[in-house]
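Just so you know, residue 1 is the first one in the sequence shown, and it goes up from there. Side-chain atoms are counted along with the backbone in the values below, which use heavy atoms only and exclude waters and symmetry mates.
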Amino acid sequence: MGKHSSGYMIGIAVSIVLGFGIIAGIWLGLRSAADLGYEPATWHATKTGSNSATLELSVFPDSHVCHANDNEPQYDWVTYCPSTSFEVPPNSLVTIIIKNYDTASPLVNNYFGKIRGTIGGTALVNNKPMSQIDEVAHTFTLQSTPDSPHPIFASVPLMGVADNAPTPEMINGNPYAKPNIISFQIRTGPPGTYIWHCYDPCGSDRGQPYGFSGAMSTTGFMAGTFTVANY
């Protein structure tokens with residue numbers, strides 16, 4: 001194994017994820033949200049230096065915060081916020097900070113409980129470095145196709161808040177539990193477009209074997225694009 005390049009190993013990892021995604025319904029994950037009257041606006045990472053940027057996101061157990069003004073909001077759907085269309089600068093160190101307000105749910109594949117592809121192979125969970133999460137609410141899984149000339153793969157599970165956690169935070173008039181804050185770093189290469197998904201089933205068929213419908217299969221909620229571009 002030591003003779004293989006890092007690009008080769010990334011290709012293997014991406015192939016594994018793509019294979020799982022196809023089985024679970026990855027094609028649906030690329031579906032447009034136009035039928036819901038919602039198209040996510042691009043959310044730009046904040047440049048913090050000539051070769052660094054920070055992307056700040058949140059994950060909510062419902063869509064009251066991010067989709068309240070949409071024409072056909074799905075209020076009971078979980079969602080990333082404020083958008084699922086991200087743009088980050090090329091050839092940069094990008095810090096991604098995610099506030100997760102949702103509770104945990106069982107993973108279909110324990111592969112996604114481990115932090116992969118980040119700088120150092122870890123993430124900070126409430127300022128504590130971790131490489132594995134047991135109580136996973138969602139994942140942020142960024143991937144390129146196996147034949148991409150500039151492959152990217154990173155998968156970070158988001159620690160869920162306790163089921164019985166109090167709800168001391170009011171956001172846009174809605175009560176939420178104190179979030180777990182997960183932060184990690186990745187390094188981008190040349191410009192390109194990638195996709196990302198949540199791989200912890202939290203769709204409208206959650207009680208069924210897979211749970212990859214509804215929010216999970218709709219861009220603008222739990223799936224989207226990750227564009228590396230000059231801006």
Do you know which of Asp102, Asn100, Asp200 makes side chain to side chain donor-acceptor pair (under 3.5 Å) with His138?
Asp102
Measure the shortest side-chain to side-chain distance between Asn91 and Pro190 over non-hydrogen atoms and say whether it is less than 4.5 angstrom.
yes
Is there a side-chain contact between Leu158 and Ile98, using heavy atoms and a 4.5 Å cut-off?
yes
Which distance, rounded to the nearest 0.5 Å, do you find between the OG of Ser183 and the CD of Glu56?
10.0 Å
With sequence neighbours left out, the residues meeting side-chain hydrogen bond (donor to acceptor under 3.5 Å, both in side chains) with His44 are Glu87
Treating Thr218 as the side-chain partner and Ala215 as the backbone partner, does any N or O pair qualify as donor plus acceptor under 3.5 Å?
no
Side chain to side chain, Tyr101 and Glu169, heavy atoms closer than 4.5 Å
yes
Report the C-alpha separation of Phe221 and His67 in whole Å, then their side-chain angles, then the decisive distance to 0.1 Å, and conclude whether the side chain to side chain contact (heavy atoms under 4.5 Å, CB included) test is met.
CA-CA 9 Å; Phe221 289 86; His67 297 268; 3.5 Å; yes
Is it the case that one hydrophobic cluster holds both Leu107 and Tyr111, taking links as side-chain heavy atoms less than 4.5 Å apart, direct or via other members?
yes
Is there a side chain to side chain contact (heavy atoms under 4.5 Å, CB included) between Tyr194 and Ser148 once you walk through the steps?
CA-CA 10 Å; Tyr194 307 90; Ser148 172; 4.2 Å; yes
Path from Val156 to Val228 over hydrophobic side-chain contacts below 4.5 Å:
yes
Report yes or no: does Ser83 contribute a side-chain atom to a donor-acceptor pair with the main-chain N or O of Ser85 at less than 3.5 Å?
yes
Gap between atom NE2 of His64 and atom OH of Tyr176 - 0.5 Å precision
6.0 Å
Flag yes if Val94 and Leu142 sit in one hydrophobic cluster, no otherwise; membership is Ile, Leu, Val, Met, Phe, Trp, Tyr, and two members link when side-chain heavy atoms are under 4.5 Å apart.
yes
Can any side-chain N or O of Thr84 pair as donor or acceptor with the backbone N or O of Gly220 at less than 3.5 Å?
yes
Heavy-atom closest pair, residues Val88 and Ala45:
CG1-CB, 3.9 Å
Student check: side-chain heavy atoms of Asn230 and Pro90 closer than 4.5 Å
yes
Distance-only polar pair, side chains of His150 and Ser144, donor-acceptor under 3.5 Å
no
Does Lys47 qualify as a cation-pi partner of Tyr231, given the criterion of NZ or CZ under 6.0 Å from the six-membered ring centre and within 45 degrees of its axis?
yes
Quick check for you: to the nearest 0.5 Å, what is the distance between Arg187 atom CZ and Ile152 atom CD1?
11.5 Å
Residue among Thr139, Thr141, Thr118 satisfying side chain to side chain donor-acceptor pair (under 3.5 Å) with Ser155:
Thr141
Rounded to the nearest 0.5 Å, what separation is found between the OG atom of Ser63 and the OH atom of Tyr80?
13.5 Å
Atom pair NE2/CZ of His197 and Phe112 - distance to nearest 0.5 Å:
10.5 Å
Donor-acceptor pairs under 3.5 angstrom involving side-chain atoms of residues 124-136: please list them, not counting sequence neighbours.
unit_1 : atom_1 : unit_2 : atom_2 : d
Asn126 : OD1    : Ile181 : N      : 2.8
Asn126 : ND2    : Asn180 : OD1    : 3.0
Gln132 : NE2    : Gly113 : O      : 3.4

Rounding to 0.5 Å, atoms SG (Cys81) and NZ (Lys99) come to a distance of 11.5 Å
Do the rings of Phe140 and Phe184 sit parallel, tilted or perpendicular, given the 30° and 60° boundaries?
tilted
Is the side chain of Trp43 donor-acceptor paired with the backbone N or O of Leu55 at a distance under 3.5 Å, no angle test?
no
Determine the minimum heavy-atom distance between Pro157 and Ile182, stating which atoms define it.
O-CG2, 4.4 Å
All heavy atoms of Ala177 vs all of Val161, minimum pair found to be CB-CG2, 4.2 Å
Hydrophobic cluster membership, with links at side-chain heavy-atom distances under 4.5 Å among I/L/V/M/F/W/Y: are Met159 and Tyr199 in one?
yes
Evaluate the ring planes of Phe86 and Trp196, with Trp represented by its six-membered ring, and classify them as parallel (under 30°), tilted (30 to 60°) or perpendicular (over 60°).
parallel
Measure from the side-chain N and O atoms of Thr188 to the backbone N and O of Ser92, and report whether any donor-acceptor pair falls under 3.5 Å.
yes
Using a distance-only test with no angle check, is there a side-chain donor-acceptor pair under 3.5 angstrom linking Asn174 and Tyr75?
no
Short side-chain to backbone donor-acceptor contact, Thr103 and Gly160, under 3.5 Å:
no
